[in-house]
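Bear in mind that the values here come from a model prediction, so they are computed numbers and not experimental data. Proteins come first, then strands; the chains are lettered A, B, ... in the order of their sequence lines, and each starts at number 1.
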There are 2 protein chains.
Amino acid sequence: MVKQRKGGPRREESLSRENIIQASIELLDSDGEEGLTFRALAERLATGPGALYWHIANKSDLLIAACDSLVARTMSQIPVTTPNETIRAVALALFDLIDAHPWLGSALTSSPGALPVVRVLEPIGQQIQALGVPDDQQWNATGTLMAFILGVSRQNAANRQLARAKNLDRAHFLDVVATAWSQLDPKEHPFVSTVVGRIRNHDDRADFLAGIDVILAGIASLQSNSRPPLKRQRS
Amino acid sequence: MVKQRKGGPRREESLSRENIIQASIELLDSDGEEGLTFRALAERLATGPGALYWHIANKSDLLIAACDSLVARTMSQIPVTTPNETIRAVALALFDLIDAHPWLGSALTSSPGALPVVRVLEPIGQQIQALGVPDDQQWNATGTLMAFILGVSRQNAANRQLARAKNLDRAHFLDVVATAWSQLDPKEHPFVSTVVGRIRNHDDRADFLAGIDVILAGIASLQSNSRPPLKRQRS
DNA sequence: ACCTGAACACCGTTCAAGT
DNA sequence: ACCTGAACACCGTTCAAGT
């Protein structure tokens, strides 16, 4: 709406990488992932689309930078208590962050080895080390947790964006799924039939925490057994 | 290349939904996710882009249909043995399928309650029931497994598509990540520093199976809550 | 009923030209 | 050094017009 240029030659309002990143976050939060276009961003910053390319490499670069800005701030605020509690805190913080900014989901997916992912992987790995997990199992334990945390958070974000794109609220979204599932043949879908009733009032956040606890229990039980409890024979 | 029209008026080659879906799969497999455009698809089928809309609703509809075609075939071929072995077989089959067709990753993400997901959820839930997990924990156990399986498979697919887009093979891709991680300050990243050496030769498939076993162990240990979990797993 | 293909309303990115 | 904005090479989707 208001073009900053009008007011006067304030140096602070000139284009900069940080400037552009913050404007991108606002745009992504207000208009969703497909709301971030170079034209819309340029208009908000009262410039032309080409000018942005002086400060950022491309759209992927911009998305990762916007993502890292939020992830860095969030992860720096996690209190460290016991290992399991800290892992739960990191997991929940990321879940809530992605829930509040669904576009983070795809940003994290498309930059697997980049800084944002490291900011989550590192504290979880440290707590796995603090739990006393043997060296050769640390990667397995941490990777499993990490995959679960990112997987759930991203699917949650995707659901939210999907509902938004179709102009459905959460209740309607779940209703569509529940209705579809209840029309399946119960003989062929005994499991889905038994859980379909719980779909409408389930709590994504509670389910997420329960999953974290299943994995933490698995990590603990693999350690406490002197012999490997789940020996695989063949694929 | 060859326009079917030339040959003659073969009725079998006229446009149909099934026709379009199979051509889409070929296009997605050969050219990747961004290779599927209505113009390219129309050219391959020797027609115009508008004609496709007579048979399919939109691009999302097309992607889900193509996805379901592959998932249905794969899931129908899983042999049912013991619960844990069957769960591993389902998980591995989906992992390998998405690995071979990375575009399945986004197709599954963008249709959470749809048929393709149900085809995986149902057999896993059935085996969780067969394991004797109590009713009120079945959703938790199945959902945790499902989230992990889809999460890992999708990230794997995303990595593959990322590497493809940058014209990197797997070795180079891992090298980029390993190099970036080894340049981080080891004091601030004690965990990442210890695992960076194993990045270049890790096996995604083996890591995936190890994660499945962690979760299965967690499910087993949560069931026998009071006693130490020394139950034999081969049922 | 089914197909055609031009047209609409967009994209990300580039680049000669400006200051 | 930094910005402008037209231009390029695309998209998904629509729709009047054809058969």
Side-chain angles (χ1 to χ4, degrees), chain A residues 3-21 23-24 27-28 31-66 103 106-107 110-111 161-162 164-167, chain B residues 3-21 23-24 27-28 31-66 103 106-107 110-111 161-162 164-167:
Chain A
K3 309 267 178 167
Q4 285 91 335
R5 286 303 170 73
K6 272 283 194 56
R10 291 236 255 146
R11 177 174 291 163
E12 290 85 356
E13 308 213 356
S14 76
L15 232 44
S16 73
R17 186 176 163 87
E18 192 51 36
N19 241 338
I20 295 171
I21 290 169
S24 300
L27 205 49
L28 286 161
D31 294 5
E33 192 166 357
E34 84 282 358
L36 180 65
T37 70
F38 279 81
R39 284 168 179 82
L41 191 55
E43 192 186 8
R44 181 179 281 248
L45 292 165
T47 181
L52 303 171
Y53 281 85
W54 187 264
H55 298 94
I56 55 164
N58 50 44
K59 192 169 180 177
S60 164
D61 175 39
L62 179 58
L63 215 50
I64 293 174
W103 51 271
S106 21
S110 61
S111 57
Q161 290 183 304
L162 224 68
R164 178 202 192 106
K166 292 182 184 169
N167 260 330
Chain B
K3 310 266 178 167
Q4 284 91 334
R5 288 300 171 73
K6 272 279 193 59
R10 293 235 255 143
R11 177 173 290 165
E12 291 83 1
E13 309 218 352
S14 77
L15 231 46
S16 74
R17 187 177 163 85
E18 192 50 38
N19 240 338
I20 295 172
I21 290 169
S24 300
L27 205 48
L28 286 161
D31 294 5
E33 191 165 356
E34 86 282 358
L36 179 66
T37 69
F38 280 80
R39 285 170 180 81
L41 191 54
E43 193 186 7
R44 180 177 282 245
L45 292 165
T47 182
L52 303 171
Y53 281 87
W54 187 263
H55 302 278
I56 55 163
N58 50 45
K59 192 169 180 177
S60 164
D61 175 37
L62 179 58
L63 214 50
I64 293 173
W103 51 271
S106 21
S110 59
S111 57
Q161 290 183 303
L162 224 68
R164 179 202 190 107
K166 292 182 182 170
N167 261 329

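Proximity of B:Leu63 to B:Leu36: side-chain heavy atoms (C-beta onward) are separated by under 4.5 Å at one or more points. Residues B:Phe38 and B:Ile56 have side chains in contact (heavy-atom distance under 4.5 Å, counting atoms from C-beta outward).
Atom-to-atom, CZ of B:Phe38 to P of C:dC3 comes out at 15 Å; the value is rounded to the nearest Å. Following rounding to the nearest Å, A:Glu43 (CD) and D:dG5 (C1') show an atom-to-atom distance of 14 Å. One interatomic measurement links the two molecules: CG of A:Leu63 to P of C:dG12, which rounds to 11 Å at whole-angstrom precision. Separating the CD atom of A:Glu33 from the P atom of C:dC11 is a distance of 14 Å, rounded to the nearest angstrom. Taking atom CG of A:Leu27 as the reference point, atom C1' of C:dC11 lies 14 Å away to the nearest angstrom. Rounded to a whole Å, the CD atom of B:Glu34 is 14 Å from the C1' atom of C:dG12. The CD1 atom of B:Ile56 sits 15 Å away from the P atom of C:dC2 (whole-angstrom rounding). One atom, OH of A:Tyr53, and another, C1' of C:dT13, lie 4 Å apart when rounded to the nearest Å.
Rounded to the nearest 0.5 angstrom, A:Glu33 CD and A:Leu27 CG are separated by 12.0 Å.
Here B:Leu41 lies out of heavy-atom contact (under 4.0 Å) with every strand. Note on B:Leu52: nothing from the nucleic acid sits closer than 4.0 angstrom, heavy atoms only.
Mapping A:Ala40 and B:Ser16 onto DNA chain C by nearest heavy atom places B:Ser16 at the nucleotide closer to the 5' end. Residues A:Ala51 and A:Arg39 both approach DNA chain D. Their nearest nucleotides, taken by heavy-atom distance, put A:Ala51 toward the 5′ side.
D:dC15: Watson-Crick or G-U partner is C:dG5, with both key distances under 3.5 Å.
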Check the pair B:Arg17 / B:Ile20 against side-chain contact (heavy atoms from CB on, under 4.5 Å), numbers first and verdict last.
CA-CA 5 Å; B:Arg17 187 177 163 85; B:Ile20 295 172; 5.8 Å; no
Derivation and outcome, side-chain contact (heavy atoms from CB on, under 4.5 Å), residues A:Leu52 and A:Leu62:
CA-CA 10 Å; A:Leu52 303 171; A:Leu62 179 58; over 6 Å; no
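Nucleotides C:dC8 and D:dC10 are separated by 14 Å at their C1' atoms, to the nearest Å.
One finds no side-chain N or O of A:Trp54 lying less than 4.0 angstrom from the OP1 or OP2 phosphate oxygen of D:dC3. Between B:His55 and C:dA1 there is no side-chain N or O to OP1 or OP2 distance below 4.0 Å.
Each of C:dC11, C:dA6, D:dA6 was ranked by its minimum atom distance to the side chain of B:Pro49; first place goes to C:dA6. The side chain of A:Asn58 approaches C:dT13 more closely than any other nucleotide in the set D:dT13, C:dT13, C:dG12.
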